[in-house]
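Order of listing sets the numbers, starting from 1, for every ligand and every atom in it.
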Amino acid sequence: MEKKKAAVVDQSMLLCCKVFISESRNRAALDAIERAARRDPESVIVNKFEDRAYNRVTYTVVSYLVLDCTGNAVCSPLQQTVVAMAEAAYNAISLESHSGTHPRLGVVDDIMFHPLARASLNHAAWLAKAVARDIGTKFQVPSLLYGAAHEEGRMADAIRRELGYFKPNFNESQWAGGLNQESLALKPDEGPDQVDPGKGVVVIGATPWVDSFNIPVITTDLVAVRGIARRVSGRGGGLASVQAVALAHGESVVEVACYLLDPNTVGGPRVQLEVQRLAEEEGLDVSSGYYTVLSQDNIIQRYLRLFPLSATK
Ligand SMILES: *[C@@H]1O[C@H](CO)[C@@H](O)[C@H](O)[C@H]1NC(C)=O
């Protein structure tokens, strides 16, 4: 068998991919996705976060990146792994029978790449575009690019607002059923213009590191917590670099679910204090917030433990 030229795998060139899938109650579906991910041991699921109320799962997958002698990205095992996970998800899940209290536009709702260690945002963008091409053509799913993968740097939340993501389509707090948008309000970057309602669309992008931080507010008053989420977010004149939405989470909790776009400047503790202050004004109690993904450093450590890169291939 003709082997590739021996390449030394560089430990400092790593890419991270967060794959957000609209399912967490169907064990067989998650098993199939994880089996697909394990086909290549060079990509590692370093973290999984399942949320039953949201009926959504987040996988954090890491692998290395191979560069040519001019520093351009050539390949990463992450490409095949993420595409295989998406394929398993499309085979096992239909949006038509999915419901939950988290917004979604697709079975594979978001694929978000970040550079780790010494890899660059351009490297992450290269991989995002390659994965979008694969998903668009192989599975005929409209794919919309964001962040550094998009030529104008369009943000994911702008795409989502345009496509009505943030508005529950079933009742006040729930999203359910297929994506019935015969003609999309935006032209996809890859894949067909027509939407298969059972698969929906996927947004795929590359950004610097983002933390996800959720803060439970003890109430059923969605409207009050929507006000808090708006006021804590950059858009609402609150903390710059914070995006926030209010989502019903079980019987007696509404969460302020946040993306921290610049977590070194505005981190979880700062957002926690601000949400507490705003909730107090409404007479509401708040529990401790929690991260849904490991920190960058923990992710790198876990990858290196599970896939020691000193090996040459
Ligand atoms: C929305 O629908 C779900 C599922 O039928 C139900 O459990 C929930 O109570 C409804 N919520 C509202 C606010 O009507």
Side-chain angles (χ1 to χ4, degrees), residues 20-33 48-58 89-90 92-110 156-157 159-182 185 195-203 212-233 235-236 238 243-259 275-276 278-290 292:
F20 300 83
I21 296 176
S22 304
E23 182 58 76
S24 73
R25 298 172 191 161
N26 177 345
R27 173 89 341 244
L30 300 202
D31 284 347
I33 294 163
K48 166 164 88 158
F49 185 77
E50 289 176 60
D51 192 307
R52 281 189 75 80
Y54 292 157
N55 201 5
R56 183 174 177 91
V57 61
T58 309
Y90 291 126
I93 301 162
S94 170
L95 270 193
E96 287 176 318
S97 49
H98 175 270
S99 68
T101 58
H102 197 288
R104 81 287 192 278
L105 292 168
V107 162
V108 182
D109 197 47
D110 187 357
D157 68 323
I159 300 175
R160 289 171 163 162
R161 263 192 302 278
E162 196 79 33
L163 298 183
Y165 179 85
F166 294 106
K167 196 172 165 14
N169 69 345
F170 183 68
N171 63 20
E172 165 95 346
S173 62
Q174 300 250 342
W175 284 258
L179 189 72
N180 294 313
Q181 302 196 4
E182 269 156 39
V195 184
D196 174 339
K199 290 180 180 160
V201 302
V202 59
V203 299
S212 309
F213 190 71
N214 293 352
I215 303 168
V217 181
I218 316 304
T219 183
T220 53
D221 188 347
L222 197 49
V223 173
V225 183
R226 282 195 184 126
I228 294 171
R230 191 165 50 245
R231 289 172 68 194
V232 82
S233 71
R235 261 176 84 76
Q243 296 179 338
V245 289
L247 303 174
H249 196 251
E251 294 292 295
S252 54
V253 168
V254 179
E255 284 193 334
V256 180
C258 304
Y259 274 143
V275 168
Q276 252 160 251
L278 294 168
E280 224 161 80
E281 289 178 10
E282 310 277 333
L284 298 174
D285 285 331
V286 169
S287 304
S288 293
Y290 59 95
T292 64

Pocket residues around ligand 1 (non-hydrogen, under 4.0 Å) come out as Phe170, Asn171, Glu172, Ser173, Gln174
Donor-acceptor under 3.5 Å (His98 side chain, Asn55 main chain): yes
Any donor-acceptor pair under 3.5 Å from Thr101 side chain to Gln174 backbone: no
Partners of Arg161 by salt bridge (charged side-chain N to carboxylate O under 4.0 Å, His left out), sequence neighbours excluded? Asp157
Between Arg104 and Glu23, is there a side-chain N and carboxylate O pair less than 4.0 Å apart? no
Specify the closest pair of heavy atoms between Leu105 and Tyr165, including all atoms of both residues, with the distance to one decimal. CG-CD1, 3.5 Å
Looking at Gln181 and Leu163, would you say the former's side chain and the latter's main chain have a donor-acceptor pair under 3.5 Å? yes
